[in-house]
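Counting convention: from 1, in listed order, for ligands and their atoms alike.
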Amino acid sequence: MGLVYRIVEEKGNHEFLILNKYTGENYEVRIDPDKIHLFEHLRDGHTAPEACPFLYLANGDEVASCTVHLSRPDVCREVFCCHLLIVDREGRRVGRVMGTRHLCPETPQLEELWENRVRTLHLSDDTIWVEKVVGILIDAGYTVRR
Ligand code: SF4
């Protein structure tokens, strides 16, 4: 999403004007009060290449947090900042993979599958890991949108 959002102006008081480089729309966002320390960490240069400037990642991308969650742009509210979107057979969203490997499950079934089949994978290469995980999810009847 760093390819999408660019900070245009720092307005002070942890408020920013950002530009969606695809639509040309500007948004005002503000760092969530409880995430200022995370954003300061980002400002120290701990940003992922091509990631949104407000996306905090840690623990090898196991932890992912939008530091402007409360004021995030409308497009983020609609599509979420996720790497993989997992939907069930009825087309309902059941989970998102944020950062590189962090699952936000929305059903106990997906959470169980993740614990039993995905957490046990020991693959260091992210590309190989993603392909393996997508295969596991598809085998279990899910659809994965990237
Ligand atoms: S949800 Fe937050 S971190 Fe993700 S792209 Fe939007 S503003 Fe950035």
Check ligand 1 against V68 and write out every atom of the ligand that is under 4.0 Å from a heavy-atom position of the residue.
7 (S)
Counting the benzene-type ring for Trp, do F54 and F16 have ring centres under 6.0 Å apart?
yes
Take a 6.0 Å sphere around NE2 of H69 and say whether it holds more than 12 heavy atoms from other residues, nucleotides or ligands.
no
By salt bridge (Lys or Arg N to Asp or Glu O under 4.0 Å) - contacts of E131 (at least two apart)
R146
Option with minimal heavy-atom separation from atom 2 (Fe) of ligand 1, where the choices are P73, C66, S71:
C66
The salt bridge (Lys or Arg N to Asp or Glu O under 4.0 Å) partners of E25 (sequence neighbours excluded) come to none
Is it the case that atom CD in E112 sees more than 12 heavy atoms from other parts of the structure closer than 6.0 Å?
no
Ligand 1 to L55, heavy atom cutoff 4.0 Å, flagged ligand atoms 3 (S)
Please find out if atom 2 (Fe) of ligand 1 and some N, O or S atom of H69 are separated by less than 2.8 Å.
no
Is the contact between V4 and ligand 1 made by the side chain, the backbone, both, or neither, using heavy atoms and a 4.0 Å cut-off?
neither
